[in-house]
Amino acid sequence: MSATFSSLKYTNYRIWFAAALVANVGTWMQRIAQDWIVLTDLSDDSGIAVGLTTALQFVPFLLLSPWAGVLADRLPRRRLLMATQGGMGVLALALGALVLSGRAELWHVYVFALLLGVVSALDNPARQTFVADMVPADKLPNAVGLNSASFNAARLIGPGVAGLLIAAVGAGWVFMINGVTFGATIAALALMRVRELRPQPAAPRAKGQIREGVQYVRRRSDIVVIMVVMFVVSTFGLNFQLTSALMARVEFGRGASEYGILGSVLAIGSLAGALLAARRDRPRVRLVIGSAFAFALSTAVLGLMPTYPAFVVACIPVGLSSLTMMTAANSALQVSTDPAMRGRVIALYVMVFQGATPIGSPIVGWIGEAWGPRWSILVGSIATFLVAAGATAWAVRRWHLRVRYRVLSRPHLEVVYLDREVLEGVTTRDGVRRELSRADAERVPTTA
């Protein structure tokens, strides 16, 4: 089997991958339908209303993620996922029934967005760390990359299908279909070969476990760098649902089908990035920073595209760079984190990454209304460039790095530790860098 798809040889992961693909298609369909009815049916083309809807859906990540991480470290993840996936399915069906009844109002969508965010916040750390239960440790980066491929293959299919369905039968049926797709993941979890799972060490019930997770992250400067970069990018740059809706509707005067096409084309680049990520066995911090620079450049180009067809084409490199950045960050954290702490670390990352959305979406929505849709994209490009440049300068100074780039020979990019004492003080286990031997040294970035 190709190295890109090597994790699929494990039965449990293969079952999960197929079911997740189905559920992800439904999720993307609902995202498009939700934003479209808010923008066109329940408000007067209000970018602020769309931004507030998105914000409400992600506020719970900011508030609940630390506790969700403790649950993921403490409880059987398979059973926890059955409960959360079922909850999201019920909410989708209820919203669909309300819209089909013709009684849906804007505040109803706000309430459902908030409730969905609560369940999603509990689901996310368990779902991301459950990958480690299905594949060996050396296959974890590959499985994380394939998860992203599944999500973005669904992103390729879902928005386009949603746009067609909205135009043909209305948004209510899109919500109903999404509710049914959650049955696929619940069935997959029930059908798994339990004996072949590889449960990670469970954290015992004890006081101060959230504080313990925070302290662990604070000691890891590589994790802090990743979280800072992803927080800024998520706040101002990863608002594609909002910015694409504004560009399609306001800037180019297009309808639901054309809006759905933007999401699908964006996913072409994202899927390519996910498949490339699945081939990497050693995710690195420098890849996160490098892809952030690429994202800044590609979104700057996107925001300046003069016509709808040109805008569609420019979505591809944006999808590629953004997915490379997100997958590299997720893989680097999962591979380098102590298994007993993985749920809490991922939960804190989710809190920073997803929790930035309720902060950024209203701001970006306001910028789109006040300055025009193009600036809702360009502000993300500028912010991303600044944080990537700052992270690079900090890493070179704090980690004693020298960066070399060679055009004609491989590797093209080489990162060298100038401090020999730091370099020699690192021990390895299973190819992962661990603690420094000298007590007063800052921890070396595990995936730099």
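- For Phe293 and Phe385, the ring centers are positioned less than 6.0 Å apart.
- Under the rule for a side chain to side chain donor-acceptor pair (under 3.5 Å), the partners of Ser298 that lie at least two apart in sequence or sit in another chain are Ser321.
- The nearest pair of heavy atoms linking Val131 to Ala143 is CG1-CB, 3.2 Å.
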Subject >> Residue pair Met29, Val25: steps toward the side chain to side chain contact (heavy atoms under 4.5 Å, CB included) verdict >> reply: CA-CA 6 Å; Met29 290 170 60; Val25 169; 3.9 Å; yes
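- Asp123 places no side-chain N or O within 3.5 Å of a backbone atom of Val119 that could act as its donor or acceptor partner.
- Judged by distance alone, the side chain of Ser43 and the main-chain N or O of Val38 form a donor-acceptor pair under 3.5 Å.
- In this structure the side chain of Glu251 never reaches within 4.5 angstrom of the side chain of Leu246, judged on heavy atoms.
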Subject >> Residues Ile377, Leu304; criterion side chain to side chain contact (heavy atoms under 4.5 Å, CB included); working and verdict >> reply: CA-CA 9 Å; Ile377 298 174; Leu304 297 174; over 6 Å; no
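- Asn124 and Tyr349 form no side-chain donor-acceptor contact under 3.5 Å, judged by distance and modelled atom types alone.
- Under a 3.5 Å cut-off, the side chain of Arg78 and the backbone N or O of Leu189 do form a donor-acceptor pair.
- For the pair Ser234 (side chain) and Phe353 (backbone), a donor-acceptor distance under 3.5 Å is present.
- Note that Arg344 lies outside the cation-pi zone of Tyr216, set by a 6.0 Å cut-off to the ring centre and a 45° limit from the axis.
- Using modelled atom types, no side-chain atom of Thr53 and backbone atom of Tyr110 make a donor-acceptor pair closer than 3.5 Å.
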